[in-house]
Every structure is written in structure tokens, then in C-alpha cells.
Amino acid sequence: MKLEGLKYVHLLGIGGIGMSGLARYFKSLGKDVSGYDKTPSSLTEEMEAEGIKIHFKDSVDLISADVKKHSSADETLIIYTPAIPEDHSELRYFIQHKYSVHKRAEVLGWITKGHYTLAIAGTHGKTTTTTMVTHILKSSNVDCMAFLGGVSSNYGTNILLAKDTAKATMVVEADEYDRSFLTLHPNVSVITSTDPDHLDIYGDGAHMMESYNMFANLLGNEGCLITKKKVKENLKYGGKLLTYSLDQEADYYARNITIKENHYIYDVVTPQGEIKSVRLGVPGLHNVENSIAAIAMAQQININEDHIRKAVGTFEGVKRRFDYQIISPRLVFIDDYAHHPAELAACIKSVKALYPGKKVTGIFQPHLYTRTRDFADGFAESLSLLDRVILLDIYPARELPIKGIDSAMLLGKITTKDKKLSTKEELVNDVINEMPEVLITMGAGDIDRLVEPLKDALLKKI
């Protein structure tokens, strides 16, 4: 499809992180961009301030008059996310009136086609790794365009534009949900992890692994795949393959890892030699591992050691990924997007390593009934690492309730003695009535809307 001649782009589910990136991309090209989302958010507010028209009620009457007048595929593109249900009235209207209607993944595939593309996939770590790769390239004066799965703290956005779009290197977060990453055209790929997730789509881990194999083989024989040894064992890929690890021997790994003033400092062993004294700009041992993957990818496009070291040191992370809200002698408050058992465990263990001897309180909002059902025991095991647990109700997103699956069920499985259920309305009081030493908010739903109220209340108490 030719995107150049488009005049109007309308996005259903525009408030999602991937959809908002596309909205901003088309707005940068001078297109008239509009969209629908279920609920307002800080992201939709930012896009509205940028001149993107958004409404929050599913109503054909709210579709702009220009979009209604121009149904030709040459003029108007409708993009939707899989979270939009089939009975959505606007989606039905566009299909019935024969608009050009496409999923987000298809459109991202069209945009990246023809570019030298770096794609980062995986159940955990892909957003931070993608953002770090982008920062390394930008810091090395490589003209690149990036579609990120989170808001970069260095750049304040989830999309970075190039000076010369036609010739730019493309950096893309490759989303496994709904097999979206199979529309991409990568030259170098990273797979950070393949832990089962999205079992509402895949059914089981074996079918999910099948999709990761298909993603790996999009590279062809001339590409390069970077992954962990454990993942490599389950992949069938015949092209160039490099391995990385946190601190176990691989093509790329860290050694001499130390913590100095809450920052990790380490040497990185690579096939091209050792990069000494790398200082990571963000906390978390899991982010050391993410940096190894990013460095491996950067070396495939000939970024030199000095640029890599400087960029890793100035990397400020991603909003809602180990995102410090308060740092004081009396209280540390961190917000994180963790929503899978392995992500929760990595986040909690990193916090405990950084603040030994401190009581760690965690607030978790489970995301999706199906994920809570499928991984209840794993969630309970990870959350039991906390000294105090507060659970919010499950955030349903696109799902209807499942009988017997709720936060009370999950709370019963958690072995931590100091645990309780709370609501959005009660949460601030529940937290400040028993002031924490270290507080973590975790989840992928709308728990982010509670971060500022919590922060304001806590700052008044310390």
C-alpha cells in the first residue's frame, strides 16, 4: 500500500503505546490524524496537545466529517488494534463502507519494509533493550527512526524520527501479541526471552515458541540473530547466531559486576574484545543483561566501543520501567510496568539487591483475567518475595470476568504474611497509614494513574 498519498489516518485504540507511535508518525508526515480510545490517559492528552483529534465514546457520529467523506484507500487509512472487539460500531462502519482497514502490525510492516531494520522481541526486556539500542544509535550519530513500546526518558517520546526517513536505520520493538512481529522485515534481531505469555492467543507455550521460530527465520541466511543460550536450544535457525548472557560464558556477557553509588559497573566480553568499565545509567541487574543484548546489536552495525560506553552510561531508561518517583533517606518509590511473574521477580530482586535490609512493599494490579488464571502460582511465588503485598482488582482490558479468577484468589496463594486487598479509592490511605521504606507499584493496567496521587501523598509525609 502507498502511504505517501494518504490524507487521513484514523486509529481505533489510539491510546495504546504502539498505536500512539503510529499516530505520531503519520502526524509528523502532515496527515490529518484522529482516533478513538476507551479511556483518556496521559498519552492521549499529549497527542491531543499535538493536534491529534481523539474521542472516547464508541460512536460513528464522532468520526470526523473529513474521514466520513473520504473512504477511498488512496486518501484514508483505518488502523485498529486487536484489543478492539469485532462488534465495535466504528470498526463495523469502516468495514461496511469498504475503507482500507488494517491491523497495527500490518502498517508497521509496511513502514519498515525497505529499511535496514533492527528488531527486538521477547516476553521480557524488549522495551528497555529497544530503547537502549535506539539511544546508542542516536548517541553515535546514526540517523535512525524508532518505534518503541514505552516512553523513552532520554527523549520523552515513544517514537523517534529520522533526518532522512528514506535512508534511516529502523529500530522496532517486535510485539509477539497476536503474532504481530511476523509482519516485520528485520536484518538483525534480538530475542530476549520466550517465557510463555498471551496464552489466550497461543493456547500453550509450544505454539508461542513456534511463532518465535517463525520470527527468527524472517532474517533469512544473511541476517543475524542474537539470543540467550537457553532460547537458542529451542530455535531452528540456520543463519548467523550470537549468544548473550548476564554473567555466564557466551559470545557476549558481563564480568566483574559491582555496584557503586547505586549504579552497576562491569566489563563486557565481546567477540571483538572486552569493553572495560561500562557504567549503566539505570538500576536493576536485569538491565545489565538488557544492556548486553543492546551492545551485541550495536556491534553488528559497527558502533565503536567509546560510543557504546558513553551511551550506556547516559541511558535514562523508559517511563514505568524501574522508574524512580521518590529517592530520599526515609523512602524510595519505584514504578514498574512488570505484569508477568518473571518480570515481577526480576524487579523485586533488583530492588532488594539495591536496598538490603529495607522493608519492601509492593502494590500489584494484575492485568487480564486469563493471564492471572494461567500464571496464578507464578504470580504468587514472585509476590511472596515482598515484605508487604497490596493487591488491586484485576485490570480487565479487553476481557470479560472469569468465574473464580480474582485478586482474592491470588492473595490466598501468596505466602507473605503482611498482605491485603485494596481499591483505587482506598490505596493512598492504605499506603500512608503504614509508611513504607521502599515502595514499588507494578502492573500494565491503569495503575499508572495512581502514581502521582501516591507520590503527592508520600511527599507530604516524609
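- Remark: side-chain polar atoms of Gln325 are not paired, donor with acceptor, to backbone N or O of Lys455 under 3.5 angstrom.
- For Glu381, the CD atom sits in a loose shell: 12 or fewer heavy atoms of surrounding residues, nucleotides or ligands are nearer than 6.0 Å.
- Ion pairing of Arg309 with Glu305 is present here, as a side-chain N (NZ or NE/NH1/NH2) and a carboxylate O approach within less than 4.0 Å.
- In this structure, Ile63 CD1 and Ser34 OG are separated by 8.5 Å, a value rounded to the nearest 0.5 Å.
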Worksheet entry | Working for side chain to side chain contact (heavy atoms under 4.5 Å, CB included), residues Val9 and Ile79 | CA-CA 8 Å; Val9 180; Ile79 308 171; 3.8 Å; yes

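- Aromatic ring orientation, Tyr395 versus His367: parallel (interplanar angle below 30°, classes split at 30° and 60°).
- With hydrogens and angles left out, the side-chain atoms of Ser180 and Asp175 include no donor and acceptor closer than 3.5 Å.
- With ring centers used as reference points, His10 lies 6.0 Å or more from Tyr8.
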Item to complete: Tell me, with the steps shown, if Ser71 and His97 meet side chain to side chain donor-acceptor pair (under 3.5 Å).
Response: CA-CA 7 Å; Ser71 61; His97 288 79; over 6 Å; no

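- The closest side-chain heavy-atom distance from Leu235 to Val231 is below 4.5 Å.
- Of the possible donor and acceptor atoms, one in the side chain of Glu343 sits under 3.5 Å from a partner among the backbone N and O of His340.
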Worksheet item: Can Tyr99 and Phe94 be said to form a ring pair (Phe, Tyr, Trp, His ring centres under 6.0 Å), step by step?
Response: CA-CA 5 Å; Tyr99 281 76; Phe94 291 126; 4.9 Å; yes

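- For residues 54-63, the set of pairs meeting the side-chain hydrogen bond (donor to acceptor under 3.5 Å, both in side chains) definition, not counting sequence neighbours, comprises His55-Glu90, Asp58-His88, Asp58-Ser89.
- In Met409, the CE atom is crowded: over 12 heavy atoms of neighbouring residues, nucleotides or ligands sit closer than 6.0 Å.
- Side-chain atoms of Leu392 and Ile363, non-hydrogen and from C-beta on, do get closer than 4.5 Å to each other.
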Fill in: Pair Leu22-Arg104, side chain to side chain contact (heavy atoms under 4.5 Å, CB included): steps then yes or no
CA-CA 8 Å; Leu22 288 178; Arg104 180 192 70 86; 3.3 Å; yes

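- For the pair Leu137/Ser140, no side-chain contact is recorded, criterion being any heavy-atom separation below 4.5 Å from C-beta on.
- Taking the side chain as every heavy atom from C-beta outward, Lys232 and Leu241 approach each other to under 4.5 Å.
- Between Lys230 atom NZ and Thr243 atom OG1 the span is 14.0 Å, to the nearest 0.5 Å.
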Donor-acceptor contacts, no H, no angles, side chain residues 185-193, under 3.5 Å, sequence neighbours left out:
unit_1, atom_1, unit_2, atom_2, d
His185, NE2, Thr183, O, 3.4
Asn187, OD1, Thr117, N, 2.8
Thr192, OG1, Ala121, O, 3.3
Thr192, OG1, His124, O, 2.4
Ser193, OG, Thr123, N, 3.2
Ser193, OG, His124, N, 2.9
Ser193, OG, His124, O, 3.4

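- Between Asp143 and Lys163 there is no salt bridge, since no side-chain N of the basic residue sits under 4.0 Å from a carboxylate O of the acidic one.
- Taking 4.5 Å as the limit, every side-chain heavy atom of Leu62 sits out of range of all side-chain heavy atoms of Tyr36.
- Under a 3.5 Å cut-off, the side chain of Ser382 and the backbone N or O of Pro341 do form a donor-acceptor pair.
- Here Tyr116 pairs with nothing under the ring-ring contact (aromatic ring centres under 6.0 Å, His included) rule; sequence neighbours left out.
- Residues satisfying the ring-ring contact (aromatic ring centres under 6.0 Å, His included) criterion with His307, sequence neighbours excluded, are absent altogether.
- Under the 4.5 Å side-chain criterion, counting only non-hydrogen atoms from C-beta, Tyr253 is not in contact with Leu246.
- For residues 279-303, every residue pair satisfying the ring-ring contact (aromatic ring centres under 6.0 Å, His included) rule, not counting sequence neighbours, is listed here: His286-Phe322.
- Remark: Glu222 does not engage Lys240 in a salt bridge, criterion side-chain N to carboxylate O under 4.0 Å.
- A donor-acceptor pair is defined here as one N or O able to donate and one able to accept, closer than 3.5 Å; such a pair exists between the side chain of Gln365 and the backbone of Ile447.
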Practice prompt. Mind running side chain to side chain donor-acceptor pair (under 3.5 Å) on Tyr244 and Glu289 for me, showing each step along the way?
Written response: CA-CA 8 Å; Tyr244 76 96; Glu289 186 174 65; 5.5 Å; no

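- For the pair Ser291 and Phe315, the minimum side-chain heavy-atom distance is 4.5 Å or more.
- Between Lys413 and Asp377, at least one side-chain N (NZ, or NE/NH1/NH2) sits under 4.0 Å from a carboxylate O, which counts as a salt bridge.
- Using a 4.5 Å cut-off on side-chain heavy atoms (C-beta onward), His339 and Leu368 make no contact.
- Note on Arg24 versus Glu50: salt bridge recorded, some NZ/NE/NH1/NH2 to OD/OE distance being below 4.0 Å.
- Although no hydrogens or angles enter the test, the distance criterion places a donor-acceptor pair under 3.5 Å between the side chain of Ser64 and the main chain of Val67.
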Discussion item. One pair to check against side chain to side chain contact (heavy atoms under 4.5 Å, CB included): Asn154 and Lys138. What are the steps and the verdict?
Written reply: CA-CA 11 Å; Asn154 286 87; Lys138 284 286 184 182; over 6 Å; no

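- Under the salt bridge (Lys or Arg N to Asp or Glu O under 4.0 Å) rule, Lys424 has a single partner from Asp446, Asp448, Asp393, which is Asp446.
- The side chain to side chain donor-acceptor pair (under 3.5 Å) with Asp32 is formed by just one residue from the set His70, Lys53, Lys7; it is Lys53.
- Within the cation-pi definition used here (under 6.0 Å to the ring centroid, within 45° of the axis), Arg321 qualifies as a partner of Tyr337.
- In this structure, Glu46 CD and Ile52 CD1 are separated by 10.5 Å, a value rounded to the nearest 0.5 Å.
- Rounding to the nearest 0.5 Å places NZ of Lys236 at 10.0 Å from CG of Asn234.
- Residues satisfying the ring-ring contact (aromatic ring centres under 6.0 Å, His included) criterion with Phe333, sequence neighbours excluded, are absent altogether.
- Other residues, nucleotides and ligands place more than 12 heavy atoms under 6.0 Å from the CG atom of Asp164.
- Ile303 contributes atom CD1, which lies 9.5 Å from atom CG of Asn141 (distance to the nearest 0.5 angstrom).
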Discussion item. The test is side chain to side chain contact (heavy atoms under 4.5 Å, CB included); show your working for Arg371 and Phe379 and say whether it passes.
Written reply: CA-CA 10 Å; Arg371 183 182 281 127; Phe379 279 124; 4.0 Å; yes

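- Remark: Lys349 NZ is loosely packed, at most 12 non-hydrogen atoms of other residues, nucleotides or ligands lying under 6.0 Å away.
- Residues His102 and Tyr80 have side chains that never bring a donor and an acceptor to within less than 3.5 angstrom of each other.
- A distance-only check finds no donor-acceptor pair linking the side chain of Asp323 to the backbone of Lys319 [under 3.5 Å].
- The pair Glu176-Lys126 meets the salt-bridge criterion, with a side-chain N (NZ, NE, NH1 or NH2) lying under 4.0 Å from an Asp/Glu carboxylate O.
- A donor-acceptor pair under 3.5 Å links the side-chain atoms of Glu106 to the main chain of Lys103, judged by distance alone.
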